[in-house]
Amino acid sequence: MEPASIYAQIHQFGNRADPYSLYAELRKTPVARQEDGSYVVSTYEEIVALLHDPRVSSDRRNLADAPPSDGMPSFITTDPPEHDRLRRLAMRHFGPPHSPRKVESLRGELLEIVTGLIDGIADRTEADIVDDVAYPFPVTVICRLLGVPLEDEPRFHKWADEIVETLGPSGEGDMAERLKRRQATVVTLGQYLGELAEAHRKNPGDDLLSGLVTDDGPDGSMSHLEVISTAALLLIAGHETTVNLITNGMLTLLRNPSLIERLRQEPDLVVHTVEELLRYEPPVHFLSQRVALDDITIAGVTIPKGSPIVLALASGSRDPAHLRDPDRFDPDRPYIQHLGFGGGVHHCFGAPLARLEAQIALRELAHRLVNPRLVTDPPPYRPSSTLRGPRHLVIEYDRVLPYEPIT
């Protein structure tokens with residue numbers, strides 16, 4: 001049996017805890033064709049070029065051998081002008097130019113949620129950062145923003161796990177079986193969100209889902225299917241990636257305890273800390289939903305029209321041709337430019353919220369936990385190599401300090 005390719009090894013679960021040495025090998029061939037006909041791009045300059053290349057599509061229907069659709073297209077799986085219309089309709093209720101201070105106005109509410117979660121572990125000396133803070137925090141936030149009942153969390157938690165774990169090439173079982181599981185889950189989630197959208201149409205509130213079903217601005221209104229697909233995207237992407245960002249961040253800080261002390265002394269350092277985390281331990285490692293619309297020559301390799309393209313974002317952010325000493329975590333870098341939120345027209349819709357959530361969570365954990373330390377290193381990881389992060393992060397600590405405003 002031939003040994004697995006470097007790219008295939010990255011997706012093997014045994015390499016989940018540390019894929020970065022394999023990324024270094026992958027970058028030796030910046031554009032590498034795989035056995036399935038896909039082209040994996042792993043270096044920073046080439047990834048940035050393709051993120052901004054109009055000859056690169058995000059619509060899988062443009063593949064030479066297009067798979068069946070899961071029936072729920074969203075703006076991240078479409079191209080301009082359809083993408084632009086759907087994104088504008090969603091952004092009207094979430095950010096600039098129509099709601100320019102939407103995210104910043106949430107700061108007090110976010111702090112209140114995190115404070116409550118940390119208070120909840122104050123009577124113990126051991127906690128799971130994932131279960132106790134990093135998961136319930138962004139889930140509570142996205143439920144409030146969207147208008148999804150928090151009591152339904154156990155239902156969509158299961159659906160989100162199923163969808164995330166069938167992303168990319170790393171899930172269990174063959175591709176046909178994974179697609180079948182994914183489609184079944186998408187249908188169930190779609191039915192749930194469709195009923196919820198109809199309830200918000202009849203009785204709208206001050207939430208995103210109500211805005212999506214009642215808006216009739218210059219771009220018209222979303223169809224029923226577009227509302228469901230957009231709500232599903234925001235619900236899942238609105239918490240899954242932030243869970244990983246906070247958990248990867250806490251793991252990195254615990255491995256660098258001097259930084260925890262610095263955050264106590266220099267609270268504003270958290271801004272650069274989160275940016276360096278997005279480069280060093282990003283929550284999203286691959287963008288695999290890309291297709292060449294024409295023959296594209298890059299790094300001396302021609303990617304044929306209709307071929308699938310995989311952008312290895314996590315590899316690109318650690319490219320030594322992009323920045324010095326990339327495998328060292330350093331929030332003092334004068335130049336932190338990363339691929340943690342992708343780029344181009346598909347630059348992460350929720351980036352401002354994810355940044356703020358991670359900043360508040362990590363700052364408060366650093367300030368309030370006394371002598372925090374890892375119980376297991378490396379921790380157990382989630383199955384997905386695309387949305388990579390620990391399944392659990394169990395820590396011990398001496399005590400939890402009472403909340404005090406940080407000035």
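The structure displayed is predicted, hence computed values, not measured ones.
- Looking only at side-chain heavy atoms (C-beta outward), T77 and R60 stay at 4.5 Å or farther from each other.
- The shortest heavy-atom contact between L374 and I395 is CD2-CG2, 4.5 Å.
- Of the listed residues (I296, V301, I298), just one forms a side-chain contact (heavy atoms from CB on, under 4.5 Å) with Y39, and that residue is V301.
- L278 approaches P283 most closely through the heavy-atom pair CD2-CD, 4.1 Å.
- Distance check, rounded to the nearest 0.5 Å: CD of E198 to CZ of R201 gives 5.0 Å.
- Contacts of K28 classified as salt bridge (charged side-chain N to carboxylate O under 4.0 Å, His left out), with partners at least two apart in sequence or in another chain: E25.
- Checked against side-chain contact (heavy atoms from CB on, under 4.5 Å), P30 has the following partners two or more places apart in sequence or in another chain: T43, A299.
- Counting non-hydrogen atoms of neighbouring residues, nucleotides and ligands closer than 6.0 angstrom, the CG atom of D206 reaches no more than 12 such neighbours.
- A donor-acceptor contact under 3.5 angstrom links the side chains of D152 and Y192, judged on distance only.
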*Worked verdict on R27 versus S42 for side-chain hydrogen bond (donor to acceptor under 3.5 Å, both in side chains)*: CA-CA 5 Å; R27 284 192 297 269; S42 55; over 6 Å; no

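- To the nearest 0.5 Å, the span separating CG on D268 from CG on L263 amounts to 10.0 Å.
- S57 and D59 share no donor-acceptor pair across their side chains, judged by distance under 3.5 Å alone.
- Scanning for side chain to side chain donor-acceptor pair (under 3.5 Å) contacts around H239 gives an empty result, with sequence neighbours left out.
- Under 3.5 Å, the side chains of T386 and H285 contain no donor-acceptor pair of N or O atoms.
- The pair R328-D325 meets the salt-bridge criterion, since a charged nitrogen lies less than 4.0 angstrom from a carboxylate oxygen.
- The shortest side-chain heavy-atom distance between D84 and R88 falls under the 4.5 Å cut-off.
- Contacts classified as ring pair (Phe, Tyr, Trp, His ring centres under 6.0 Å) and involving residues 360-387 (residues at least two apart or in different chains) are not found.
- A cation-pi geometry, defined here as NZ or CZ lying under 6.0 Å from the six-membered ring centre and within 45° of its normal, holds between R318 and Y20.
- Side chains of S221 and D215: a donor-acceptor N/O pair is absent below 3.5 angstrom, by distance only.
- Not a single salt bridge (charged side-chain N to carboxylate O under 4.0 Å, His left out) links D18 to another residue, sequence neighbours left out.
- Between E82 and R85, no side-chain nitrogen of the basic residue sits less than 4.0 Å from a carboxylate oxygen of the acidic one, so the salt-bridge criterion is not met.
- Distance CD1/I260 to OG1/T273: 10.5 Å, rounded to 0.5 Å.
- Of the possible donor and acceptor atoms, one in the side chain of E276 sits under 3.5 Å from a partner among the backbone N and O of D330.
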*Would Q34 and S5 satisfy side-chain hydrogen bond (donor to acceptor under 3.5 Å, both in side chains), going step by step from the backbone distance to the final call?*
CA-CA 8 Å; Q34 305 301 305; S5 69; 3.3 Å; yes

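- Every residue two or more places apart in sequence or in another chain that forms a salt bridge (charged side-chain N to carboxylate O under 4.0 Å, His left out) with R262 is listed here: E266, D332.
- Between the T230 side chain and the V227 main chain, no donor and acceptor come within less than 3.5 Å of each other.
- Here salt bridge (charged side-chain N to carboxylate O under 4.0 Å, His left out) pairs that include residues 353-365, with residues two or more places apart or in two chains, are E275-R355.
- Taken from CG in L235 to CD in E153, the straight-line distance is 10.0 Å, to the nearest 0.5 Å.
- Between the OG atom of S317 and the CG atom of L323 there is a distance of 8.5 Å, given to the nearest 0.5 Å.
- With a 6.0 Å cutoff to the six-membered ring centre and a 45° limit on the axis angle, R373 does not count as a cation-pi contact of Y397.
- Aromatic ring orientation, Y44 versus H322: parallel (interplanar angle below 30°, classes split at 30° and 60°).
- Legend: salt bridge (charged side-chain N to carboxylate O under 4.0 Å, His left out) pairs involving residues 287-312, not counting sequence neighbours: none detected.
- The side-chain heavy atoms of F137 and L110, taken from C-beta on, include a pair separated by under 4.5 Å.
- Pairs engaging residues 131-141 under the salt bridge (charged side-chain N to carboxylate O under 4.0 Å, His left out) rule: R124-D132 [sequence neighbours left out].
- Sorted by first then second residue, the salt bridge (charged side-chain N to carboxylate O under 4.0 Å, His left out) pairs that include residues 230-240, not counting sequence neighbours, are E240-R382.
- Within the 4.5 Å cutoff, no side-chain heavy atoms of R399 are placed close to those of T125.
- Using a 3.5 Å distance cut-off with no hydrogens or angles, the side chains of S210 and D207 do pair a donor with an acceptor.
- Looking at residues two or more places apart in sequence or on another chain, you find no salt bridge (charged side-chain N to carboxylate O under 4.0 Å, His left out) involving R33.
- Checked for salt-bridge contact, D119 and R368 meet the test: a charged N lies under 4.0 Å from a carboxylate O.
- No donor-acceptor pair closer than 3.5 Å links the side chain of T247 to the backbone N or O of N244.
- In this model, a donor atom of one side chain and an acceptor atom of the other lie less than 3.5 Å apart for S58 and H346.
- For the pair P379 and V394, the minimum side-chain heavy-atom distance is 4.5 Å or more.
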*Decide side-chain hydrogen bond (donor to acceptor under 3.5 Å, both in side chains) for Q337 and Y335; before the verdict, give the C-alpha distance in whole Å, the side-chain angles of both, and the deciding distance to 0.1 Å.*
CA-CA 6 Å; Q337 193 158 354; Y335 172 75; 2.9 Å; yes

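- Separating the CD1 atom in I118 from the CG atom in L369 is a distance of 6.5 Å, to the nearest 0.5 Å.
- Residue pairs satisfying the ring pair (Phe, Tyr, Trp, His ring centres under 6.0 Å) criterion with at least one member in residues 290-320, sequence neighbours excluded, are absent.
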